[in-house]
J.: 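One structure follows; several queries about it will come next.
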Amino acid sequence: MGEKRKSQPKEVSSKKSKPLKKTSSKSTKPSSESKRSLIPYPELVDGSSFCECTSKLTVTLAPVHSCDLWTGINEALNSMLLRFVPQVRGVVLSYSKVMPLSDTALLFNDSPFGQLDISVKLLLWRPIAGMALSGSINVQSPDHIGLLLWDTFNASVPASFIPKDKYEWRPFSDEEISIRASTASTNTKSTDVDTNGDGDADETTDSAAQSHIQQSVASLEISGNKFGSGEWVRRGTSESVGSSGSLDFVVVDVIRANDVLSVTGALR
């Protein structure tokens with residue numbers, strides 16, 4: 001038999017594995033500046049959202065107005081008030097200096113309605129992105145702030161357009177909610193309060209106890225948000241965004257729904 005060769009031991013590699021480099025443990029949380037950069041602020045636009053223009057419009061006249069063009073013209077223009085008119089790219093607020101461009105209306109095909117061209121001076125509300133507007137707050141929620149512009153137009157500031165480094169949502173406590181509810185019910189019954197000056201002595205002594213409640217509610221009533229669950233406040237000062245009675249914002253988008261125009265804004 002042949003000799004059995006002993007298996008030689010495998011050579012162990014003397015190369016040592018390189019240690020893994022430690023990755024830097026820098027925080028990946030976005031800074032306050034990066035949060036603000038997420039808000040699509042448009043370039044600021046100077047000027048008013050109201051404007052006047054003289055336009056040429058084509059109005060439709062019903063057959064009943066065939067003998068009285070002015071009545072038909074006024075009826076057609078009145079139907080445009082507080083509506084968005086695409087021809088003038090704005091909401092018509094008023095009109096003046098109406099002038100027919102023809103003495104007769106034109107009939108097309110078999111339609112009994114006449115078409116008449118007129119020249120008219122219009123007062124328009126024409127907001128565009130980048131304009132700075134101001135409105136009164138009518139509702140606040142963690143999702144948005146609702147505003148009313150000139151008691152006529154609606155505006156909304158979504159929570160995503162509220163810089164969190166400047167503002168924060170503060171929910172009301174149960175005590176504040178009960179105070180607001182009782183104050184609202186008291187205001188509705190204010191006409192039933194006895195003002196003859198001969199009330200009971202106990203009622204006059206309660207006025208001192210109620211003064212603190214009235215002072216705490218006064219700041220809440222300014223914004224008009226009587227039945228909300230909280231309010232947006234400035235960081236650091238806890239001052240309500242509606243403490244001055246109005247809120248300034250920048251128009252980010254103009255939304256058209258049928259003939260109604262509303263705006264979406266962002267706080268700065």
J.: Is it true that atom CZ of Arg256 has more than 12 heavy atoms of other residues, nucleotides or ligands lying nearer than 6.0 Å?
T.: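 For Arg256, atom CZ is crowded (more than 12 foreign heavy atoms under 6.0 Å).
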J.: Which value, rounded to the nearest 0.5 Å, describes the distance between Ser49 atom OG and Leu149 atom CG?
T.: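 Here the interatomic distance stands at 8.0 Å.
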J.: As an exercise, state the distance from NZ of Lys97 to OG1 of Thr54, rounded to the nearest 0.5 Å.
T.: 7.0 Å
J.: How long is the span from the CD1 atom in Ile118 to the OG atom in Ser102, to the nearest 0.5 Å?
T.: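 The distance works out to 12.0 Å.
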J.: So, do Leu93 and Leu124 sit near enough that their side-chain heavy atoms are less than 4.5 Å apart?
T.: no
J.: Answer whether the closest heavy-atom distance between the side chains of Val59 and Leu61 falls below 4.5 Å.
T.: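 A side-chain contact under 4.5 Å exists here.
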J.: More than 12 heavy atoms of other residues, nucleotides or ligands under 6.0 Å from CG of Asn78: is that the case?
T.: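 Atom CG in Asn78 is crowded, with more than 12 foreign heavy atoms closer than 6.0 Å.
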J.: Side chains of Tyr167 and Arg235: is there a donor and an acceptor less than 3.5 Å apart?
T.: no
J.: Using a 4.5 Å cut-off on heavy atoms from C-beta on, say whether the side chain of Ser246 contacts that of Ser136.
T.: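 No, side chains not in contact.
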J.: Report the C-alpha separation of Asp117 and Leu57 in whole Å, then their side-chain angles, then the decisive distance to 0.1 Å, and conclude whether the side-chain contact (heavy atoms from CB on, under 4.5 Å) test is met.
T.: CA-CA 6 Å; Asp117 292 335; Leu57 298 177; over 6 Å; no
J.: Does the side chain of Lys56 reach to within under 4.5 Å of the side chain of Leu101, using non-hydrogen atoms?
T.: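 Yes - at least one pair of side-chain heavy atoms lies under 4.5 Å apart.
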J.: Any idea which heavy atoms bring Ile39 and Pro163 closest together, and the distance?
T.: CD1-N, 3.8 Å
J.: Are Val45 and Val157 joined in one hydrophobic group, where the rule is that I, L, V, M, F, W and Y side chains link up if heavy atoms are under 4.5 Å apart?
T.: yes
J.: Check the pair Ile128, Val254 against side-chain contact (heavy atoms from CB on, under 4.5 Å), reporting the backbone distance first and the verdict last.
T.: CA-CA 7 Å; Ile128 60 176; Val254 180; 5.5 Å; no
J.: Considering only heavy atoms from C-beta outward, does the side chain of Leu44 approach that of Val250 to under 4.5 Å?
T.: yes
J.: Examine Leu77 and Trp70 and state if one hydrophobic cluster contains both, with Ile, Leu, Val, Met, Phe, Trp and Tyr joined whenever side-chain heavy atoms are less than 4.5 Å apart.
T.: yes
J.: Output the distance between atom CG (Leu247) and atom CD1 (Ile137), rounded to the nearest 0.5 Å.
T.: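 Leu247 atom CG to Ile137 atom CD1 measures 4.5 Å (nearest 0.5 Å).
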J.: To check you understand the geometry: which heavy-atom pair defines the closest contact between Trp232 and Lys164, and what is its length?
T.: CH2-CE, 4.1 Å
J.: Group every Ile, Leu, Val, Met, Phe, Trp and Tyr by side-chain heavy-atom contacts under 4.5 Å, then state whether Leu116 and Tyr95 land in the same group.
T.: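 Yes; Tyr95 is reachable from Leu116 via cluster members.
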J.: Is the count of non-hydrogen atoms from other residues, nucleotides or ligands lying under 6.0 Å from Arg83 atom CZ greater than 12?
T.: no
J.: Which heavy atom of Ala266 sits nearest a heavy atom of Tyr41, and at what distance?
T.: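 What the structure gives for the nearest pair is CB-CE2, 3.9 Å.
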J.: In Å, rounded to the nearest 0.5 Å, how long is the span from CG of Asp165 to CD1 of Ile162?
T.: 12.0 Å
J.: I need the minimum non-hydrogen distance between Val91 and Phe153, along with the two atoms involved.
T.: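 Looks like CG1-CE2, 4.0 Å.
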J.: Are Val88 and Ile73 connected in the hydrophobic side-chain network, where two residues link if heavy atoms are under 4.5 Å apart?
T.: yes
J.: Evaluate the ring planes of Trp125 and Phe50, with Trp represented by its six-membered ring, and classify them as parallel (under 30°), tilted (30 to 60°) or perpendicular (over 60°).
T.: tilted
J.: Quick one: closest heavy-atom pair of Leu147 and Ile145, and the distance?
T.: CD1-O, 3.8 Å
J.: Is any side-chain heavy atom of Asp248 less than 4.5 Å from a side-chain heavy atom of Leu133?
T.: no
J.: Under 3.5 Å, side chain of Thr71 to main-chain N/O of Leu69, donor-acceptor pair present?
T.: no
J.: Do Glu231 and Ser240 have side-chain atoms, one donor and one acceptor, less than 3.5 Å apart?
T.: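 Their side chains do contain a donor-acceptor pair, which is all the 3.5 Å distance test asks for.
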J.: Is there side-chain contact between Met80 and Asp259, with heavy atoms separated by less than 4.5 Å?
T.: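 No. Closest side-chain heavy atoms not under 4.5 Å.
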J.: Pair Arg170, Phe172 - check side-chain contact (heavy atoms from CB on, under 4.5 Å), show working.
T.: CA-CA 7 Å; Arg170 183 183 73 86; Phe172 291 141; 3.5 Å; yes
J.: Please answer: with hydrophobic residues joined when any side-chain heavy atoms are less than 4.5 Å apart, are Phe249 and Trp150 in the same cluster?
T.: yes
J.: To check you understand the geometry: which heavy-atom pair defines the closest contact between Pro127 and Val263, and what is its length?
T.: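 In terms of heavy atoms, the two residues are closest at CG-CG1, 3.9 Å.
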J.: Between Lys166 and Arg234, does the side-chain contact (heavy atoms from CB on, under 4.5 Å) criterion hold? Intermediate values first, please.
T.: CA-CA 6 Å; Lys166 287 187 175 182; Arg234 300 181 183 274; over 6 Å; no
J.: With a 4.5 Å cut-off on side-chain heavy atoms, are Gln140 and Trp169 touching?
T.: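 The answer is yes; the side chains approach within 4.5 Å.
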J.: Going from SG on Cys51 to CG on Leu122, what distance comes out if it is rounded to the nearest 0.5 angstrom?
T.: 9.5 Å
